[in-house]
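Being a predicted model, the structure only gives us computed values, none of them experimental. Order of listing sets the numbers, starting from 1, for every ligand and every atom in it.
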Amino acid sequence: MSKTNLKFNNGTFKILQVSDFQDGPVQKYLTMEYVLKCVEEYKPDIILITGDNKYSTTGTELFKFMGKHFITKTYDSFMLKFEESGIPVAITFGNHDIDGKLSRREQFEIFKKYSVCVSEAGDEKLDGCCNFNLPVMSSDGKKVAFNIWCFDSNDGVLDDKLDWYVRTSDELKNKNGGQPVPSMVFQHHPPLQAIQAVEEAGDNLNGFCHEGVCPDPEDKGKQFDVMLEQGDVVAMFYGHDHINTYCVPYKGIDLACCSTSGFGYYGDFDTRGLRYITVKEDGTYETEMVYYYKKFCNDEKSKARFTMYSNELDMNVRKKAADEYKEFCKKDGTYSKAVDKEIKIALD
Ligand SMILES: [Fe+2]
């Protein structure tokens, strides 16, 4: 799939951001069930995955010995489903993607094999992998109307990546009659300034901030400042903090967190979900979080199922919910051995 295929349709370009699946080779079933329901409903033009694409290899003894095979199976568990949708997918890397036996460039080689993948490895001289941009053409196909920046925010977005960003941004600007091309940033970590932005917003914060904002330790604030000066970035979208979903304006750039979109690691009932963004051709945009529990759990059975999957809860609570879920399945005639298998994977 070529990145040149990205364009506005009737003046709108739609993005689904998912983040922090942070799961193993057998992904929790409910993750992609919800994600694909959203893909079907929102029909995005692109899906952006903002890192922590796999379980940390430092977390579990067993995973330390698993290399390419484990990681390929992990990525297969969601990318093959995205492949069926035919929608372009771009990925970036998070802090849990940098450990283990495969480098980020080797992991990128796995992603590259999926036909829907529009990520690029980026310049080898730049720190990390998948520092790239995706220009989006206007509805009439005549000019670049919008641009997506993807960064590897591990170890900060520092001088080498920022030099590339300014150079490429200037090239886009020159081709756009001297006007900056409206752009959005997608990466794993929040920028340092998000701490101050959330603090200043206080009770007026739009969305949840259930845990401390946690930028990469190497981020001393330069990325945000350089982007502000460059004048093309309207918003930065990121993940990393699994139970934060705020979107806060700060000095002219919106800073927006997406919570975990999966059940591989900790999340919360009111925050687990994904982010939907609609961009207009004039560079304005709207965004909302789609919260899974609120949207999909309208009955006792689906609530029990969600609880059973909720990684952050006490195991006794989850086991009790699993029993309830099984009973609901028996009552409504949907019980089979597959339900037992699902429960085993959910509680694993
Ligand atoms: Fe994460």
Side-chain angles (χ1 to χ4, degrees), residues 16-28 30-32 34-35 47-60 63-64 66 70-71 74-75 77-79 89-100 102 104 107-108 110-111 119 128-130 150-157 185-192 194-195 198 207-219 236-247 255-275 289-293 309-313 348:
L16 267 195
Q17 179 194 4
V18 296
S19 203
D20 295 78
F21 282 155
Q22 228 166 303
D23 212 336
V26 183
Q27 196 187 40
K28 306 285 182 284
L30 203 49
T31 298
M32 283 309 278
Y34 286 163
V35 170
I47 295 162
L48 255 300
I49 306 180
T50 44
D52 282 2
N53 308 317
K54 64 175 182 61
Y55 207 92
S56 176
T57 43
T58 54
T60 306
F63 290 163
K64 282 185 187 167
M66 295 183 176
F70 154 71
I71 295 174
T74 301
Y75 294 163
S77 68
F78 54 92
M79 287 302 291
V89 176
I91 59 114
T92 62
F93 290 113
N95 52 304
H96 288 286
D97 302 319
I98 64 177
D99 50 18
L102 286 195
R104 277 162 277 176
Q107 290 180 58
F108 171 71
I110 299 173
F111 276 111
S119 280
C129 181
C130 288
C150 290
F151 290 98
D152 183 341
S153 59
N154 288 297
D155 300 318
V157 179
V185 169
F186 290 84
Q187 64 186 37
H188 184 65
H189 297 83
L192 181 70
I195 298 172
V198 166
F208 296 106
C209 188
H210 285 338
E211 65 179 316
V213 176
C214 191
D216 184 276
E218 297 301 319
D219 183 354
M236 296 178 75
F237 296 96
Y238 43 85
H240 188 54
D241 302 326
H242 287 206
I243 48 179
N244 289 350
T245 63
Y246 58 84
C247 178
L255 303 178
C257 191
C258 179
S259 55
T260 179
S261 307
F263 292 85
Y265 202 38
Y266 79 99
D268 206 347
F269 280 72
D270 52 2
T271 58
R272 216 177 228 113
L274 51 75
R275 186 172 278 285
M289 280 297 303
V290 181
Y291 295 119
Y292 296 155
Y293 191 74
Y309 274 98
S310 296
N311 189 297
E312 66 281 3
L313 296 180
D348 190 29

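- Among protein atoms, those of element N, O or S found less than 2.8 Å away from the Fe ion (ligand 1) are D20 OD2, Q22 OE1, D52 OD2, H242 NE2.
- Taking a cutoff of 4.0 Å between a charged side-chain nitrogen and a carboxylate oxygen, D20 and R272 do not qualify as a salt bridge.
- For S153, the side-chain hydrogen bond (donor to acceptor under 3.5 Å, both in side chains) test picks out H189, with sequence neighbours left out.
- In this structure, the side chain of E211 does not engage the main chain of N244 through any donor-acceptor pair within 3.5 Å.
- Y34 pairs with exactly one of Y293, Y291, Y292 by the ring pair (Phe, Tyr, Trp, His ring centres under 6.0 Å) rule, that one being Y292.
- Under the 3.5 Å distance criterion, with hydrogens and angles disregarded, a donor-acceptor pair is assigned to the side chains of D270 and H210.
- Using a cutoff of 4.0 Å between basic side-chain nitrogens and carboxylate oxygens, D152 and R104 are scored as salt-bridged.
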